[in-house]
Amino acid sequence: MQEVPIRYLKGVGPRKEAVFNNLGIYTAGDLLYYFPFRYEDRRNFKKMSELKEGEACLIKGRVCARNLKKMPYFIPKVRVKSIFEAALSDETGLVNCVWFNQPFLNDLIKVGEELIVYGKPLYSNNKFKLVSPEYELVKDKEDDFLNLGRIIGVYHLSSFFTQKFMRKIMHLVLYNFKGRMPDPLPFYIRKEKNVPNIARGLEEIHFPGTFEEAECARERFIFQELFLSQILVYLRKAKHRSQKGPLFKIREEVLKKIRKKLPFELTLAQEEAFSQIRSSLEKPYPMHCLLQGDVGCGKTVVAIFAAGICVDCGSQAAFMVPTEVLAYQHKQTLERIFKEFKFKIEVLTSSLSKKKIEKIKVELKEGKINIIVGTHSLIQEKIEFKKLGLVVIDEQHRFGVAQRVLLPKKGVNPHCLVMSATPIPRSLALSLYGDLDLAVIKELPKGRISPQTIWVKEEKRKWVYDFLKTKLEEGRQIFVIYPVIEESVDEDLKSLEVMHKEICKQFSSFSVGMFHGKIKSQEKLKVIKEFREKKINILVSTTVVEVGINIENASVMVVENPERFGLAQLHQLRGRIQRSIYQPHFILISKSNLSQIALRRLGIISQETNGFKIAEEDLKLRGPGDFFGNLQHGLPKLKIANPLRDLEILNQARSFAYKVIKEDPYLEKPHHRCIKEHLDFWFQQNANQRESNANTHK
Ligand code: ADP
Ligand code: MG
């Protein structure tokens with residue numbers, strides 16, 4: 001029943017349909033699952049003498065005066081074309097109401113009419129005023145019971161729909177469909193968890209009688225969402241375990257040989273992570289492991305051990321990385337470590353010559369290449385492997401879910417190692433990535449010096465330049481990061497060039513390089529090589545250097561307009577200069593008038609260096625929708641649940657889901673069919689949503 005298209009509903013024509021689609025609503029079911037984001041108490045009228053500034057209120061009064069003012073000309077910035085004012089009175093006082101750009105009110109609201117309004121009063125000149133309140137004429141109270149005299153839900157809407165319209169259509173659909181909506185929660189779970197059934201839940205979340213009812217209904221849907229997502233996680237895990245992966249027999253001497261080549265000892269944390277991965281590689285089913293660890297903790301080397309095992313056992317290994325520079329950097333490291341193994345290691349990116357790409361394709365297919373490091377190019381259709389045994393996805397947050405799943409498909413259930421420097425708390429990770437095993441590198445290698453973060457305002461620029469000069473004279477190298485959106489117009493790049501010129505002028509006795517995503521690929525590699533070889537002292541760059549680049553002598557980084565970066569990004573950037581034996585300095589030059597949220601972000605980054613803590617703060621600042629958007633492992637987007645806030649419900653949901661899957665791993669029992677059916681609906685909903693997002697972003 002929930003699949004009935006929205007356009008079949010009474011009063012929904014093509015235009016409204018389009019607006020609904022934009023909100024992600026395609027069917028009656030989608031509509032009913034579009035929940036209010038807050039509630040307003042409109043049960044009691046207030047007398048005008050009882051009004052308080054800023055406190056939302058419902059009042060009834062008679063119109064005693066009104067006036068429509070039209071602007072003689074259009075003032076673009078103000079965007080006010082007309083102002084309609086009405087004075088309302090009851091036996092205790094008077095209130096002024098103002099509406100902008102709604103001249104038709106002049107025909108609707110006449111002197112002597114009785115009017116109900118809802119809004120937050122402002123107080124000035126000894127008078128209360130309501131700006132653009134919701135209004136209702138008492139004489140046409142047709143759908144009054146939906147909007148007044150009760151607790152009402154408020155929805156996120158685009159400007160085309162009014163709250164009133166939404167409540168009206170919601171009510172219509174609810175009463176037509178609620179008896180026929182399938183309940184995804186089996187009866188025995190509802191009973192045990194003591195939550196309302198779907199019909200009551202929907203009614204009470206949209207039109208609650210009391211705030212307690214609304215709360216109870218919300219909890220039901222939060223539970224439902226988390227329960228279903230956990231069911232998916234367990235289903236996926238069961239599927240992984242039922243597959244046959246490549247069989248690796250690990251030889252100790254291989255590991256020894258790799259160890260010998262390392263210029264350092266593994267940290268205890270690395271050893272632990274590796275031993276976990278090693279035991280997964282020996283299992284008969286494919287490994288699906290998420291390796292988490294702060295920037296610079298040394299994840300690469302752990303992946304290299306896995307690659308060594310893989311190739312030694314006769315399979316191929318593939319590393320997917322987000323940038324070309326990182327691909328070459330990994331290749332270099334791999335070649336150094338596997339020098340005596342005679343492994344053939346290649347890089348694949350889209351900027352190679354056609355001939356070279358062709359050659360790599362053939363050699364991959366014939367199994368001549370043992371390890372390939374590549375960018376997105378690896379997941380192109382035409383790339384085939386002879387025997388892909390291990391997939392490593394580095395900096396996984398830089399890839400979409402769809403991209404991440406494509407690479408493993410090029411083999412027969414290869415082992416997968418996904419690496420992330422955006423750590424999330426363990427309990428959350430377990431639920432979001434419950435189908436992956438979790439390995440964590442908890443500490444940085446010894447001897448790393450904690451960075452000093454210096455946050456200054458524009459006025460101190462001179463001081464910063466002087467500081468940089470002393471560092472340059474000591475022989476250090478410097479990154480200057482400029483906020484340019486790589487994909488955007490050339491306008492932005494111009495400002496990078498201006499910055500480059502300015503730095504050249506200020507530091508005329510040093511060599512200054514420039515780096516950004518639009519430079520030709522040959523040039524890119526050349527610039528990085530020169531920086532590595534200390535031929536360039538200062539590198540003015542966009543955030544393309546953010547991921548993975550490792551240059552040990554560069555211990556200072558200046559970030560211009562840091563308010564334009566996210567927390568995770570700033571932390572990643574700072575990670576670039578934390579690789580040396582020198583004291584790292586991370587200098588932020590910000591504007592003076594910053595938004596509250598920018599101030600918070602910069603405050604956190606100045607004080608906190610632990611990536612796990614920063615990720616947690618980031619989660620709080622950004623909200624889970626944003627944060628999990630890309631993290632979530634192919635699960636439908638959560639709409640009402642917030643795994644961070646709802647941790648307790650999440651844990652309950654997990655244990656219910658675990659029991660269900662244990663008893664009925666394929667959801668075949670009649671009392672579980674409702675779950676299976678709803679999962680299909682949920683995925684469809686999500687696919688529609690994605691499509692509509694893609695359309696609006698074209
Ligand atoms: P990330 O986890 O951010 O990918 P990398 O793997 O790039 O970090 O490692 C960062 C740097 O630390 C590299 O230069 C690497 O050689 C070095 N490194 C890795 N492990 C150790 C260790 N146990 N001791 C000292 N240095 C290490
Ligand atoms: Mg890395």
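Just follow the structure's listing: the first ligand is 1, and inside any ligand the first atom is 1. By convention here, the first residue in the shown sequence is residue 1. Source: prediction; values computed, not measured.
For ligand 1, the atoms sitting less than 4.0 Å from at least one non-hydrogen atom of Glu265 are 22 (C), 23 (N), 24 (N), numbered in the order shown with element in parentheses. The atoms of ligand 1 that sit less than 4.0 Å from any heavy atom of Glu552 are 14 (O). Atoms of ligand 1 lying under 4.0 Å from at least one heavy atom of Val295, given by number and element, are 3 (O). Residue-ligand proximity, Thr300 to ligand 1, at heavy-atom distances under 4.0 Å covers atoms 4 (O), 5 (P), 6 (O), 7 (O). Shown in contact with Leu266 at under 4.0 Å from a heavy atom are these atoms of ligand 1, numbered in order with element: 23 (N). Within ligand 1, the atoms closer than 4.0 Å to a non-hydrogen atom of Thr267 are 23 (N), numbered from 1 in the order shown.
Within the structure, ligand 1 lacks Ala421 among the residues with a heavy atom less than 4.0 angstrom away. No heavy atom of Gly293 sits closer than 4.0 Å to any atom of ligand 1.
Counting heavy atoms under 4.0 Å from ligand 1, residue Arg448 touches it through the side chain alone.
For Tyr482 and His500, the ring centers are positioned 6.0 Å apart or more. The ring of Phe515 has its center no closer than 6.0 angstrom to the ring center of Phe531.
Between the side chains of Ser420 and Gln292, no donor N or O sits under 3.5 Å from an acceptor N or O. For the residue pair Glu282/Ser279, the side-chain donor-acceptor check at 3.5 Å is not satisfied. Side-chain contact annotation: Gln396 with Arg404, donor-acceptor N/O pair under 3.5 Å present. Of the N and O atoms on the side chains of Asn413 and His240, not one donor lies less than 3.5 Å from an acceptor on the other residue.
Polar contact check, Val301 against ligand 1: no nitrogen or oxygen pair lies under 3.5 Å apart.
Ring orientation note: the planes of Phe338 and Phe341 are nearly perpendicular, at an angle over 60° on the 30°/60° scale.
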